[in-house]
Number of protein chains: 2
Amino acid sequence: MDIWKKFEENNITHSAAHHLLAILELKEKRGYARVTDVARELNITTGSASINLKSLKAKNLIVEDDNKFLALSDEGEAVARAVLMRKNILYSFLANILKVKPEQAEIDSCKTEHLISAETAKKLQEFMERYEETKGA
Amino acid sequence: MDIWKKFEENNITHSAAHHLLAILELKEKRGYARVTDVARELNITTGSASINLKSLKAKNLIVEDDNKFLALSDEGEAVARAVLMRKNILYSFLANILKVKPEQAEIDSCKTEHLISAETAKKLQEFMERYEETKGA
DNA sequence: AGCGAACGTTTGACATACATAACATTATTT
DNA sequence: AAATAATGTTATGTATGTCAAACGTTCGCT
């Protein structure tokens, strides 16, 4: 019933996913992530980032130390890595198999990375493995 | 720059797409579509439908006759049919090629139908045609 | 110590998209 | 014609997500 409404029923919104990804990337790239860093990374104002990150803290996806440095919780990191993996699978399928132009493949995989189900992601990956094999090195 | 922000930059929102699809379906199935019919089809209140449809009228995707019967404009129909086509391509790829469970394929294709680019849709379709051929009837 | 920059939060505004509920209008039914 | 039902619109409220601008705190430099 009401399959179309499931669009709203995501564990995570597109915006939230990218806040988590920003922290993941910042931590790996620079070792730390603050509100300002996330805002710069996402090219939004610190006001927006502050509010958005607050709700992610409330959901226990992000933790903050006494110096206001941000980190992903275990759950947050799991979510971020899952999204990242899906995006990579999608991008790879679009760019390498369908031969969609890199720029467009980037956009399309970014738009859908947080929306596809675990089942679809898994089956797409398996499909690509078989496909590469068949194509034969 | 800011590829992740392109999520918002769609011609049409998920919600709007389904309002158009509802009208398309109602017209084909019953010959007419009013605010109430759309609300029932989408399982939202008539209040919400009224407001949502108003903005689609403002964008000239929907026209209304003097009896408040709704129809898609040429542009609205083009948008609706494009979305429908993408959904069918996606569903077919997920269900028939990846063997994603029908229920899940339905959900995933519905979530992404309005997000994938024309290029990706076209190339996915071509890929499937080649794939079916290769599989050879 | 004090000044200014950087940082973070809060406020108020806007846009989308949903809900309820009250209200007006139009149709049906007796 | 009057009562009831169906239809449609218009508040009002919620939630997300953006902005700009004001505010306070904290940090660094002189």
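On a predicted model such as this, the values are computed, not experimentally measured, just so you know.
Rounded to a whole Å, the CG atom of B/Leu26 is 13 Å from the P atom of D/dT7. The distance from atom CZ of B/Arg34 to atom P of D/dA5 is 17 Å, rounded to the nearest whole Å. For the pair A/Asn67 CG and C/dG8 P, the interatomic distance rounds to 10 Å; values are reported in whole Å. Straight-line distance from the NE2 atom of A/His14 to the P atom of D/dG17: 10 Å, rounded to whole Å. Distance CG (B/Asp65) to C1' (D/dG8): 14 Å, rounded to an integer number of Å. Between B/Leu70 atom CG and D/dT7 atom C1' there is a gap of 12 Å when expressed in whole angstrom units. In this structure, CD of A/Glu64 is placed 9 Å from P of C/dG8, rounded to the nearest angstrom. Between B/Tyr32 atom OH and D/dA6 atom C1' there is a gap of 12 Å when expressed in whole angstrom units.
The side chain of A/Thr36 has C/dC7 as its nearest neighbour among C/dC18, C/dC7, D/dG8. When each of D/dG17, C/dT16, C/dT9 is scored by its nearest atom to the side-chain atoms of B/Thr13, the top-ranked nucleotide is C/dT16.
Salt bridge B/Lys111/B/Glu106: absent, no basic N to carboxylate O contact under 4.0 Å. Contact check on B/Arg81 versus B/Glu113 returns no salt bridge, with no Lys/Arg side-chain nitrogen under 4.0 Å from an Asp/Glu carboxylate oxygen. Looking at B/Asp37 and B/Arg40, a side-chain N of the basic residue comes within less than 4.0 Å of a carboxylate O on the acidic one, giving a salt bridge.
Environment of NZ in B/Lys29: crowded, with over 12 heavy atoms of neighbouring residues, nucleotides or ligands closer than 6.0 Å.
Side-chain contact of B/Tyr32 with B/Arg30: a donor-acceptor pair under 3.5 Å is present, judged by distance alone.
Non-hydrogen atoms lying under 4.0 Å from DNA chain D are contributed by B/Thr46, B/Gly47, B/Ser50, B/Ile51, B/Lys54, all within residues 42-56 of chain B.
Formation of a donor-acceptor pair under 3.5 Å by the A/Thr120 side chain with backbone atoms of A/Ile116 is not found in this model.
Residue-level contact check: B/His19 touches the backbone only, with heavy atoms under 4.0 Å from sugar-phosphate atoms and none from bases.
Using a 4.0 Å cut-off, some side-chain N or O of A/Lys68 falls inside it from OP1 or OP2 of C/dT9.
Side-chain contact between A/Leu20 and A/Ile62 is present, with at least one heavy-atom pair separated by less than 4.5 Å.
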